[in-house]
Amino acid sequence: MAHRIAVIGGDGIGPEVTAEALKVIAAAGVALELTEFELGGKRYLRDGEILSDATLNQLRGYDAILLGAVGTPEVQPGVIERGLLLKMRFELDLYVNQRPFLGTAPGGTVPHDFVVIRENTEGPYVGEGGVLRKGTPCEVATQGSVNTRMGVERIIRHAFGEAMKRRKHLTMVHKTNVLTFAGDLWQRTFNEVAVEFPEVATAYNHVDAACIYFVQDPHRYDVIVTDNLFGDILTDLGGAVSGGVGLASSANLNPARTGPSMFEPVHGSAPDIVGTGKADPRAAILSAALMLDFLGELATADRVRAACVEPVSGSTTEIGSQIAARVAG
Ligand code: IPM
Ligand code: MN
């Protein structure tokens, strides 16, 4: 039976790269039943909808959501991000943001292969805090980081599970020397869950040190688990040291499968290159491969990944067609 997929192409280059991802899956012979949802900055400017509860409830009925990129310069920062992307992550309980990095660091020769598992529903992203005396010299703004035992424990347990499927090495990244309350909760939880996974070797890095290792020694990593904001920043760096953000893919997972998971490239809508054919569709194609993994189409997902490793050239659609030809053959 065909997998039922909600497609949100979004803004900027989002629809272009999503079309190539769908082209590749079709060529690989996996049947998808697609429903397009026009959401994002453009839609918001047209009729005010960002993501209504009615639309959200419609999305709940799909097997997965494939997203291109959302956001447009005409809409102020935060509106679409919070109202659409973060709303989906929070409301669909997509608590795992899994971002694989397979590539060679600039100047390096041997490719590394690690995955960052980013907590996706808590931390500074929840919107805790507020502002007082706005616009005055005495303005006060606070933005707290929310960390729950349940939230921290479930992401850490998921990360140990992923480490068991790989090279059995898990690094926690945080800033326990400064963020002593949240860091302590993370560290204690990590130590306790580690007891359940005696085969997994563990390590800890402060986030600033991890930035150095990402550049100078990425081979030390297998699986990394970290909080929402550290994970956001580290995964851009991960992309930069793994062939560029044009290759960086991500899965926003609800491992309990109480609803659809969402798959999207790490990059944004890049309005400056829309329509030029310069957008690299591989991040979207590799995100679609993560979707195939989650849908149980493991062999096809591996074929798509292998096709993305071979050199590509040309425009967005030409690259998509090259990869499609490889998976079809
Ligand atoms: C990402 C993006 C988002 C994030 C933005 C667009 C809200 O940067 O998926 O990494 O910060 O999570
Ligand atoms: Mn980001």
Side-chain angles (χ1 to χ4, degrees), residues 8-15 17-18 21 39-44 50-51 56 64-101 114-129 143-147 151 155 173 207 210-211 214 224-254 261-272 274 279-280 282-284 286-288 290-291:
I8 303 173
D11 299 308
I13 60 169
V17 295
T18 304
L39 295 169
K42 248 185 15 229
R43 167 71 188 272
Y44 170 65
I50 304 175
L51 177 63
L56 182 66
I65 302 166
L66 189 66
L67 186 138
V70 294
T72 168
E74 300 88 69
V75 180
Q76 81 181 92
V79 175
I80 306 299
E81 291 87 340
R82 282 214 161 271
L84 178 54
L85 207 53
L86 300 189
K87 186 168 178 178
M88 277 196 287
R89 289 179 184 171
F90 295 167
E91 295 295 324
L92 299 174
D93 209 17
L94 309 177
Y95 71 85
V96 176
N97 194 327
Q98 196 149 325
R99 298 182 160 178
F101 296 100
F114 64 88
V115 52
V116 176
I117 296 182
R118 161 185 176 190
E119 203 292 322
N120 213 27
T121 54
E122 301 195 338
Y125 274 71
V126 299
E128 192 269 351
Q143 191 112 39
S145 171
V146 174
N147 297 261
I155 192 68
V173 171
V207 64
C211 290
F214 265 49
I224 292 168
V225 66
T226 192
D227 94 340
N228 207 341
L229 183 58
F230 295 145
D232 175 49
I233 298 164
L234 270 183
T235 53
D236 266 27
L237 183 56
V241 299
S242 308
V245 86
L247 283 171
S249 59
S250 80
N252 296 260
L253 303 177
N254 170 342
S261 290
M262 191 252 286
F263 301 83
E264 52 164 346
V266 173
H267 64 66
S269 56
D272 51 320
V274 65
D280 189 336
R282 286 179 295 174
L286 290 166
S287 300
L290 294 173
M291 180 177 82

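Keep in mind that what you see is a predicted model, and the values were worked out from it rather than measured. All ligand and atom numbering here is 1-based and tracks the order in the structure.
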**Q.** Sidechain-backbone polar pair: Ser261 side chain, Leu253 backbone, donor-acceptor under 3.5 Å
**A.**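 Looks like no, no N/O pair under 3.5 Å.
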
Q: Look only at the side chain of Ser269 and the backbone of Gly71, and say whether a donor-acceptor pair between them is shorter than 3.5 Å.
A: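 Yes; judged by distance alone, with no hydrogens or angles, the pair exists.
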
Decide yes or no for [X] and [Y]: does some side-chain heavy atom of the first lie under 4.5 Å from some side-chain heavy atom of the second?
| X | Y | result |
| --- | --- | --- |
| Arg99 | Ser250 | yes |
| Leu237 | Cys211 | yes |
| Ile13 | His267 | yes |
| Asp232 | Arg118 | yes |
| Val96 | Ile155 | yes |

In terms of residue, atom name and distance, what is the protein heavy atom nearest to [atom]?
| atom | answer |
| --- | --- |
| atom 1 (C) of ligand 1 | Arg99 NH2, 3.4 Å |
| atom 11 (O) of ligand 1 | Tyr125 OH, 2.6 Å |
| atom 10 (O) of ligand 1 | Asp232 OD1, 2.9 Å |

Q) Should you measure from each heavy atom of Arg118, which atoms of ligand 1 turn up under 4.0 Å away? A)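 Per the distance check, 1 (C), 4 (C), 10 (O), 11 (O), 12 (O).
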
**Q.** Options Arg89, Glu81, Arg82, ranked by nearest heavy atom to atom 6 (C) of ligand 1, top entry
**A.**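 Considering heavy atoms of Arg89, Glu81, Arg82, the nearest to atom 6 (C) of ligand 1 sits in Glu81.
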
(Q) For Phe114 and Phe214, take the angle between the two ring planes, folded into 0 to 90°, and tell me which bin it lands in: parallel under 30, tilted 30 to 60, perpendicular over 60. (A)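 Geometry flag for Phe214 against Phe114: perpendicular rings.
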
**Q.** Sub-4.0 Å heavy-atom contact, His267 with ligand 1
**A.**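 It does not, in that no heavy atom of His267 comes within the 4.0 Å cut-off of ligand 1.
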
(Q) For a distance under 2.8 Å, give residue and atom name for each protein N, O or S atom next to the Mn ion (ligand 2). (A) Asp232 OD1

Q.
Atom OH of residue position Tyr44 - does it have more than 12 heavy atoms of other residues, nucleotides or ligands inside 6.0 Å?
A. no

